[in-house]
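The structure appears right after this line, and notes come after that.
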Amino acid sequence: MKLIKFCNKKNSIFNSKKFKFGTFQEYRETEYDPIRDEDEGKFVFEVNLKSVVASRRWIFDVLFLGVLHRTFLSPATDLTHVLVQNSLLTVNMDRMKPPGRIELDVYGVSATWLEEDRFLVEGIVRYTVHVDNMAVFCMSVGEKGSASPFEDYDDQWSVDLQNADQLAEAFVKLFQLRFMELKLNNRQEGNVDIFLEEGSLWREMMKSESRVEHDIARKDIFCEHGFVQYGNQEIEIEKQSDLSLHVLNAGFRRAIFSKPKRYSEENEYRFLINPQIKNTDGNFMNLEFSEKSMFFELSEKERQSILSLAD
């Protein structure tokens, strides 16, 4: 099985030292219809609660992802009122994977008190994941010489599927070498600012309204890769133990490897690049690209590292 890169002949790795990575933002805004996806990096994960008997803590820590204040956990809490008042929430994922945000919609979910700390929970919870602007390198799964799904592309090159890890390692090295040249958004979500160019500082606003500054100890590049799945996902939950934060996080991670079913003929396999920094305390923060696409001028050694895998 091959991973195939469809391209124009002049841009093939065999003919050029210029190597392009796209981004989610590029695919959302491109004028080239065959690859435009206005919802690139967006994924809807629905949980259908089928008469689930659940504890108050599970409702807040799992369904609400732990974002509501703990005072809501008191025995006197009117959960139906809380659900109505907080039917739409946004959760920031700066320090999670995938980086981005989750819109949590529990409108129409009911919680009926049964006894002690037990509630009957019914309805559909909708988690809409919006992923930050990651770098993307798209390939298609097939056999060498397969017809391109894109009419304007007249050439292709490929690597064996078993060499995907090695190709990902080559991509990581390209970005690591150019880290300080990358155009990255300084994160200003919540109480955090990142300054890569001003002494490489990570500044956090604490509750006392004083700023704490950390030296950035490491600048990392991560590359995840895998098969794209087509369509959104819905799961049915019949008991509390069926749903955990682990199950939800696994669902959220699908956002970076998901596309609408109308793109299924592409048989896509994608490589995703995520820049990250760590401070001297070992805490990390995801960054995002501010560019729509990136063209790297490869050294001959870098080009050969990719050519050695290609055919």
Side-chain angles (χ1 to χ4, degrees), residues 21-30 35-48 62-68 86-109 124-138 182-194 221-235 243 245-264 266 268 270-277 284-294:
F21 290 89
T23 66
F24 283 153
Q25 194 64 31
E26 179 186 19
Y27 291 118
R28 292 170 192 152
E29 299 179 3
T30 180
I35 64 173
R36 183 173 67 238
D37 178 4
E38 295 174 355
D39 290 327
E40 185 67 82
K42 175 182 175 181
F43 175 64
V44 178
F45 182 60
E46 291 187 346
V47 176
N48 191 352
V62 178
L63 281 189
F64 277 103
L65 304 176
V67 298
L68 292 184
N86 298 277
S87 60
L88 290 172
L89 293 169
T90 299
V91 183
N92 190 12
M93 300 193 298
D94 271 354
R95 305 191 191 193
M96 296 171 61
K97 286 188 176 182
R101 72 183 192 281
I102 301 172
E103 292 177 355
L104 171 61
D105 181 357
V106 294
Y107 182 77
V109 176
I124 294 178
V125 181
R126 181 179 290 105
Y127 304 90
T128 303
V129 184
H130 300 268
V131 181
D132 278 350
N133 192 35
M134 302 176 77
V136 190
F137 189 82
C138 303
L182 298 173
K183 293 182 180 179
L184 303 171
N185 284 341
N186 289 340
R187 304 298 284 149
Q188 293 181 335
E189 301 288 345
N191 295 322
V192 179
D193 293 328
I194 304 298
I221 295 290
F222 294 92
C223 181
E224 296 187 69
H225 56 95
F227 297 95
V228 167
Q229 300 179 56
Y230 297 92
N232 293 320
Q233 183 178 1
E234 178 180 342
I235 60 173
L243 187 67
L245 286 176
H246 176 75
V247 171
L248 284 175
N249 285 331
F252 300 155
R253 287 180 63 80
R254 270 200 57 195
I256 58 177
F257 293 105
S258 296
K259 287 182 72 68
K261 289 183 179 179
R262 64 181 180 274
Y263 297 99
S264 59
E266 296 176 8
E268 185 180 338
R270 60 175 45 169
F271 295 80
L272 294 159
I273 310 296
N274 172 212
Q276 190 183 92
I277 54 177
F284 74 88
M285 177 69 69
N286 291 300
L287 303 176
E288 70 170 343
F289 295 98
S290 60
E291 296 180 284
K292 291 184 181 180
S293 60
M294 285 155 279

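Because the structure is a prediction, the values reported are computed rather than measured. When a residue number appears, it is its place in the shown sequence, counting from 1.
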So, for [X] and [Y], which heavy atoms are closest and what is the spacing to 0.1 Å?
{"X": "M294", "Y": "A135", "result": "CE-CB, 3.8 Å"}
{"X": "A255", "Y": "V131", "result": "CB-CG2, 3.7 Å"}
{"X": "I273", "Y": "I221", "result": "CG2-CG2, 3.6 Å"}
{"X": "F222", "Y": "Q276", "result": "CE1-OE1, 3.2 Å"}
{"X": "R254", "Y": "Q229", "result": "NH2-CB, 3.4 Å"}
{"X": "H225", "Y": "F271", "result": "CB-CD2, 3.4 Å"}

**OP:** Step by step, work out the side chain to side chain contact (heavy atoms under 4.5 Å, CB included) result for L287 and L182.
**Re:** CA-CA 11 Å; L287 303 176; L182 298 173; over 6 Å; no

Out of curiosity, [X] [atom1] to [Y] [atom2], how far, rounded to the nearest 0.5 Å?
{"X": "R126", "Y": "N48", "atom1": "CZ", "atom2": "CG", "answer": "10.5 Å"}
{"X": "Y27", "Y": "S293", "atom1": "OH", "atom2": "OG", "answer": "9.0 Å"}
{"X": "C223", "Y": "M134", "atom1": "SG", "atom2": "CE", "answer": "8.5 Å"}
{"X": "Q25", "Y": "F289", "atom1": "CD", "atom2": "CZ", "answer": "13.5 Å"}
{"X": "R28", "Y": "E40", "atom1": "CZ", "atom2": "CD", "answer": "7.5 Å"}

Original post:
What class does the angle between the rings of F45 and Y127 fall in, given that below 30° is parallel, 30 to 60° is tilted and above 60° is perpendicular?
Top reply: tilted

**OP:** Scan L248, V62, I124 and name whichever one has a side chain to side chain contact (heavy atoms under 4.5 Å, CB included) with V47.
**Re:** L248

Subject >> Residue list, ring-ring contact (aromatic ring centres under 6.0 Å, His included) with F21, at least two apart or on another chain >> reply: F19, F137, F171, F175, F296

Any side-chain heavy atom of [X] within less than 4.5 Å of one from [Y]?
{"X": "Y230", "Y": "E268", "value": "yes"}
{"X": "T23", "Y": "E291", "value": "no"}
{"X": "L245", "Y": "L65", "value": "yes"}
{"X": "D37", "Y": "R262", "value": "yes"}

**OP:** Kindly determine whether F24 and L272 satisfy side chain to side chain contact (heavy atoms under 4.5 Å, CB included), including the steps that lead there.
**Re:** CA-CA 10 Å; F24 283 153; L272 294 159; 3.6 Å; yes

**OP:** Begin from the C-alpha positions of D105 and T128 and carry the test side chain to side chain contact (heavy atoms under 4.5 Å, CB included) through to its verdict.
**Re:** CA-CA 8 Å; D105 181 357; T128 303; over 6 Å; no

**OP:** Check step by step if side chain to side chain contact (heavy atoms under 4.5 Å, CB included) holds for N274 and D132.
**Re:** CA-CA 9 Å; N274 172 212; D132 278 350; over 6 Å; no

Subject >> Lys/Arg-Asp/Glu bridge criterion (N-O < 4.0 Å) met for E266, K259 >> reply: no

